[in-house]
Amino acid sequence: MDDHSTVEENGVEIMNPSSSNAVDIYPLSCYYFGSKDSVSLRSETVADRLLRMKANYDAYGTRNCVAAVIVVELFKHPHLLLLQVQNSIYRLPGGRLRPGESDIDCLKRKLSSKLSAGEDGRGPEWEVGECLGMWWRPDFESLLYPYLPPNIKRPKECTKLFLVKLPPSRRFIVPKNFRLLAIPLCQLHENDETYGPIISGVPQLLSKFSFNLIEP
């Protein structure tokens, strides 16, 4: 059976996505935003970071990371929640897996640590949905690919993006040296220069979903 139907909008026949691809999102005003003590940030040169990555790879192998795609509504348009560090670097909430830790457990831990009062978190459980995509670092340089090149047998890093669905209300508590921003998807699309390849590619990953804007 076909999971899609068509409707007419402004005289144009369009296809409705299946209900399984519908995501409820709530207005930004439904959420409370506060701050907590700043966290220490690593200060290092590019050369120092390269040496650290090589040392970690020799000790643990491929670096596995997870990141959260969290969408809210503002001005009737989907917005992506991003962390901004030092007023310049944009990041999806997430981080590196501990040895033996699952993707889902790591993402919940990182979300609680970075967006809640403490690592144990407060409020509703984080609802981690499907994996939207994977990005690979073939070597220690900064270049990332949305696929693993066929000639690479030992990738240095893998980052998985997961859709995280928000409840109707939640408290976001962010370290004082971070900013939690809501950026419209239309601003992110193909804006690699500002947001980097992973974040600027999120709107395309989300294009298979329909968003239900839920009024409070």
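Computation of the quantities below employed the complete heavy-atom set of this structure, encompassing side-chain atoms and omitting hydrogens, waters and symmetry-equivalent molecules. One is the number of the first residue; the rest follow in order along the sequence.
The shortest non-hydrogen separation linking Val72 to Ala182 is CG2-CB, 4.4 Å. Here the closest heavy-atom approach between residue Pro167 and residue Tyr31 is recorded as O-OH, 2.7 Å. The two residues Leu74 and Leu28 have their closest heavy-atom pair at CD2-CD2, 4.1 Å. For the pair Pro168 and Cys30, the tightest heavy-atom approach, listed with the atom from each and the gap, is O-CB, 3.2 Å. Heavy atoms only, all atoms of each residue included: Val66 and Cys106 are closest at CG2-SG, 3.7 Å. Closest approach of Val71 to Pro78, counting heavy atoms only: CG1-CB, 3.7 Å.
To the nearest 0.5 Å, atom OG of residue Ser169 and atom OH of residue Tyr32 are 13.5 Å apart. Atoms CE and CG, from Met134 and Asn64 in turn, are 8.0 Å apart once rounded to the nearest 0.5 Å. Atoms CG and CD1, on Leu107 and Ile104 in that order, are 6.5 Å from each other to the nearest 0.5 Å. Expressed to the nearest 0.5 Å, how far CG of Leu163 lies from CG of Leu206 amounts to 7.0 Å. Rounding to the nearest 0.5 Å gives a distance of 6.0 Å between CG of Leu188 and CG of Leu82. The distance from atom CG of Asp139 to atom CD of Glu157, rounded to the nearest 0.5 Å, is 12.0 Å.
Using a 4.5 Å heavy-atom cutoff, the side chains of Glu190 and Ser200 are not in contact. Within the 4.5 Å cutoff, no side-chain heavy atoms of Ser35 are placed close to those of Val174. Leu143 is listed as a side-chain neighbour of Tyr145, based on a closest heavy-atom distance under 4.5 Å. Two residues are said to be in side-chain contact when any heavy atoms from C-beta on lie closer than 4.5 Å; Asn56 and Lys54 fail this criterion. Looking at Trp135 and Tyr147, their side chains never come closer than 4.5 Å, going by heavy atoms from C-beta outward. In this structure, the side chains of Cys186 and His77 come closer than 4.5 Å at one or more pairs of heavy atoms. Side-chain contact between Ile152 and Trp136: absent, with no pair of heavy atoms (C-beta onward) separated by less than 4.5 Å. Leu166 is listed as a side-chain neighbour of Ile70, based on a closest heavy-atom distance under 4.5 Å.
Around atom CD of Gln84, more than 12 heavy atoms belonging to other residues, nucleotides or ligands sit under 6.0 Å away. When the shell of 6.0 Å around CZ of Arg96 is examined, it contains more than 12 heavy atoms from other residues, nucleotides or ligands. Within a 6.0 Å radius of OH in Tyr60, no more than 12 heavy atoms belonging to other residues, nucleotides or ligands are found.
Under 3.5 Å, the side chains of Tyr195 and Gln187 contain a donor-acceptor pair of N or O atoms.
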| request: For side chain to side chain contact (heavy atoms under 4.5 Å, CB included), just list the numbers for Arg91 and Val85, CA-CA rounded to whole Å, side-chain angles, deciding distance to a tenth of an Å, and then say yes or no. | output: CA-CA 8 Å; Arg91 296 177 180 171; Val85 187; 4.0 Å; yes

| said: Would Leu92 and Leu80 count as a side chain to side chain contact (heavy atoms under 4.5 Å, CB included) here? Give the steps. | reply: CA-CA 9 Å; Leu92 292 169; Leu80 181 68; 3.8 Å; yes

| field | salt bridge (Lys or Arg N to Asp or Glu O under 4.0 Å) evaluation trace for Glu127 with Lys108 | value | CA-CA 8 Å; Glu127 184 181 349; Lys108 289 182 178 181; over 6 Å; no

| task | Go through the steps to decide whether Lys76 and Glu215 satisfy the test salt bridge (Lys or Arg N to Asp or Glu O under 4.0 Å), and finish with yes or no. | result | CA-CA 10 Å; Lys76 303 300 181 181; Glu215 296 293 336; 2.7 Å; yes

| Passes side chain to side chain contact (heavy atoms under 4.5 Å, CB included), Arg49 versus Leu51? Steps please. | CA-CA 5 Å; Arg49 183 174 184 272; Leu51 289 174; over 6 Å; no

| request: Go through the steps to decide whether Leu180 and Phe33 satisfy the test side chain to side chain contact (heavy atoms under 4.5 Å, CB included), and finish with yes or no. | output: CA-CA 9 Å; Leu180 186 60; Phe33 297 88; 3.6 Å; yes

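With hydrogens and angles disregarded, a donor-acceptor distance shorter than 3.5 Å links the side chain of Lys114 to the backbone of Gly94. Side-chain atoms of Asn177 come within 3.5 Å of backbone atoms of Val39 as a donor-acceptor pair (strictly under, hydrogens ignored). When atom types are taken as modelled, the side chain of Ser113 and the backbone of Lys110 share no donor-acceptor pair closer than 3.5 angstrom. Here the side chain of Lys36 pairs no donor or acceptor atom with the backbone of Leu115 at under 3.5 angstrom. A donor-acceptor pair is defined here as one N or O able to donate and one able to accept, closer than 3.5 Å; such a pair exists between the side chain of Thr62 and the backbone of Pro155. Although no hydrogens or angles enter the test, the distance criterion places a donor-acceptor pair under 3.5 Å between the side chain of Lys156 and the main chain of Arg154.
By the 30° and 60° cut-offs, the orientation of the rings of Phe209 relative to Phe211 is tilted. Ring planes of Phe172 and Trp126: tilted class, angle from 30 to 60°.
With respect to Val69, the side-chain contact (heavy atoms from CB on, under 4.5 Å) criterion is satisfied by exactly one of Ile199, Leu161, Leu81: Leu161.
Contact check on Glu130 versus Lys160 returns no salt bridge, with no Lys/Arg side-chain nitrogen under 4.0 Å from an Asp/Glu carboxylate oxygen.
Hydrophobic clustering, with ILVMFWY side chains joined whenever heavy atoms are under 4.5 angstrom apart, keeps Leu50 apart from Ile89. Neither Met53 nor Leu97 shares a network with the other; the hydrophobic side chains, linked directly or stepwise wherever heavy atoms of I, L, V, M, F, W or Y lie under 4.5 Å apart, form separate groups for each.
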